[in-house]
Amino acid sequence: MRMTFRWFGEGNDPVPLAYIKQIPGTEGIVWSLHDIAAGEEWPIERILEVRSQADAAGLHIDVVESVNIHEDIKLGLPSRDQYIENYKNTIRKLGSVGVKVICYNFMPVFDWLRTNLYEELEDGSTALYLEKAKVMNLSPHELVAYFQSNSTFQLPGWEPERLGQLSTTLEAYQAVDEEQLWSNLAYFLEAIIPVAAESGIKMAIHPDDPPYPLFGLPRIITSQQNLRRFLKIVDHPSNGITLCSGSLGANADNDIVSMIHEFSDRIPFAHIRNIRLAENGDFIETSHRTEDGTVNIAGIVKAYYDIGFTGYARPDHGRHIWGEQCRPGYGLYDRGLGIMHLWGLWDGYRYADKGSL
Ligand code: DNO
């Protein structure tokens, strides 16, 4: 397991690279060029700039999260070919500077979704929270109105000034059902996976978060069965998964340990975090400890240990603790604790194996 830490870039992330370097066993940043719009080709100078910042801090840039996919690719519009060309060029450039994994998602319109970014836990810390009924009962139009009137209901990737376009985009998806989305995904993969393979890069799709359809939009990267189908579309090591325990864990039927064993050679990147899922589907993100949530983190780390996992991992999200002012879900403190918990489990299994306990 090679430990990494997500960093949003100079001026965009309050966590200094030097602090990331001080988290034991942490070797690289997980990064992106967050200001480049989906569909645009990434400029090499900007890529090199991040590489030199990371180099100076003694961290690598092997994992990019994400190179986002233009909506026209997901919708299967004729304009997708140009966006796919741009995507291929970005893959080539990232390969040329030594990037090994690109994480991305194929969720229509929305990335991860929560109804409160600062829900309070029993200990007074706060964390990301989804109240399921609130989102399941909204029509697309109510959703737009809700966003316009409620600043705690967050839409990643949709700045308030772009909300006006949301209705049009939602409208365009009326023509895209699950099978159509699978076919648009296949078209994209068949075009880009050969380029990733030539560039020494493994593409790693992120599961849908939460892993079920919302607002009448299809979501397909949701379950073991669907991940199996995904991997067969292009059966090549460069077509892989970002196995995210928190996203998949929002459906109690998902057996993540079983997925790790089944897809062992196709997981270049692991997101490991816990959530506490209620029977009605609401969930709150918790500390990484198994006891604090409903995701079997100890079993998951054991499964990675047992398959001899050599891919990259990150603690994914954390709570907001000790008064830290940080990006929602992305503080230093709780993610640092998360890393230590993951290493604690890993080392426990390792030392027990060596018989040196
Ligand atoms: C949330 C992240 C996701 C992820 C994208 C990948 O914190 O795990 O936003 O980066 O879905 O494209």
Side-chain angles (χ1 to χ4, degrees), residues 4-9 12-13 15 29-39 42 63-71 73-74 83 87 90-91 94 99 101-118 127-130 154-159 181 185 188-189 192 196 201-212 214 217 219-222 226-227 230 239-250 256 267-275 283-286 288 295 312-320 326-332 334-335 338:
T4 58
F5 195 87
R6 194 175 197 185
W7 183 67
F8 287 88
N12 198 24
D13 194 321
V15 181
I29 51 166
V30 172
W31 63 284
S32 184
L33 298 179
H34 292 277
D35 58 322
I36 309 264
W42 288 15
V63 185
V64 169
E65 175 179 347
S66 313
V67 180
N68 285 324
I69 298 191
H70 195 277
E71 225 56 54
I73 297 178
K74 293 181 247 174
Y83 294 122
Y87 206 98
T90 299
I91 293 176
L94 291 172
V99 166
V101 174
I102 297 175
C103 168
Y104 68 102
N105 72 77
F106 213 76
M107 287 176 251
V109 193
F110 308 108
D111 194 328
W112 56 278
L113 199 83
R114 301 290 184 270
T115 52
N116 186 5
L117 299 179
Y118 301 101
L128 309 185
Y129 172 70
L130 182 88
Q154 297 290 322
L155 253 192
W158 288 90
E159 307 79 30
L181 190 62
L185 175 57
F188 171 71
L189 292 174
I192 61 135
I201 286 188
K202 291 183 175 168
M203 298 300 298
I205 200 165
H206 189 285
D208 302 344
D209 180 359
Y212 38 79
L214 289 170
L217 296 166
R219 288 196 155 191
I220 54 179
I221 307 300
T222 51
N226 286 14
L227 284 168
F230 166 80
N239 182 33
I241 302 169
T242 298
L243 199 80
C244 176
S245 65
S247 304
L248 292 164
I256 296 155
I267 309 175
F269 190 26
H271 281 184
I272 314 181
R273 69 176 160 89
N274 205 346
I275 61 167
F283 64 84
I284 185 157
E285 303 192 358
T286 64
H288 281 69
V295 179
Y312 301 92
R314 73 174 180 90
D316 209 9
H317 304 163
R319 301 162 300 146
H320 319 114
C326 56
R327 299 178 67 97
Y330 283 98
L332 170 66
D334 203 38
R335 285 189 297 156

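First listed ligand is number 1; within each ligand, the first listed atom is number 1. Small disclaimer: the values here were computed from a predicted structure and weren't measured.
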Lys NZ or Arg CZ of Arg335 over Phe5 ring: under 6.0 Å, within 45°:
yes
Hey, which atoms in ligand 1 end up nearer than 4.0 Å to a heavy atom of Ser66?
5 (C), 6 (C), 10 (O), 12 (O)
So the atoms of ligand 1 within less than 4.0 Å of a heavy atom of His317 turn out to be 1 (C), 7 (O)
Please list, in number order, the atoms of ligand 1 under 4.0 Å from a heavy atom of Met107.
11 (O)
Closer than 4.0 angstrom, basic N to acidic O: yes or no for Arg273 and Glu285?
yes
Give the minimum heavy-atom separation between Pro328 and Tyr118, together with the two atoms involved.
CG-OH, 3.4 Å
Taking the six-membered ring for Trp, are Tyr129 and Phe283 ring centroids under 6.0 Å apart?
no
Counting each atom of ligand 1 from 1 as listed, which ones have a heavy atom of Glu65 under 4.0 Å away?
2 (C), 4 (C), 8 (O), 10 (O)
Under a 4.0 Å heavy-atom limit, does Arg6 contact ligand 1 with its side chain, its backbone, both, or neither?
side chain
In Å, rounded to the nearest 0.5 Å, how long is the span from CD1 of Ile73 to CG of Asn68?
10.5 Å
Of all protein heavy atoms, the one nearest atom 8 (O) of ligand 1 is His206 NE2, 3.2 Å
Within 4.0 Å of some non-hydrogen atom of Arg314, the atoms of ligand 1 are 8 (O)
Between Trp112 and ligand 1, which residue portion shows a heavy-atom distance shorter than 4.0 Å: side chain, backbone, both, or neither?
side chain
For Cys103, the atoms of ligand 1 under 4.0 Å from one of its heavy atoms are 6 (C)
Which part of Asp111 is near ligand 1, with near meaning a heavy atom under 4.0 Å away: side chain, backbone, both or neither?
side chain
Is Arg327 touching ligand 1 with its side chain, its backbone, both, or neither, if touching means heavy atoms under 4.0 Å apart?
neither
Taking only heavy atoms of His271 into account, list the atoms of ligand 1 that are under 4.0 Å away from them.
8 (O)
Go through ligand 1 atom by atom and flag the ones less than 4.0 Å from a non-hydrogen atom of Tyr330.
1 (C), 2 (C), 7 (O)
Using the benzene-type ring in the case of Trp, are the ring centres of Phe8 and His34 under 6.0 Å apart?
yes
Are His317 and His271 close enough that their ring centres sit under 6.0 Å apart?
no
Run the side chain to side chain contact (heavy atoms under 4.5 Å, CB included) test on Thr286 and Ile275 for me, step by step, so that the C-alpha distance in whole Å, both residues' side-chain angles and the decisive distance to 0.1 Å come before the verdict.
CA-CA 5 Å; Thr286 64; Ile275 61 167; 5.7 Å; no
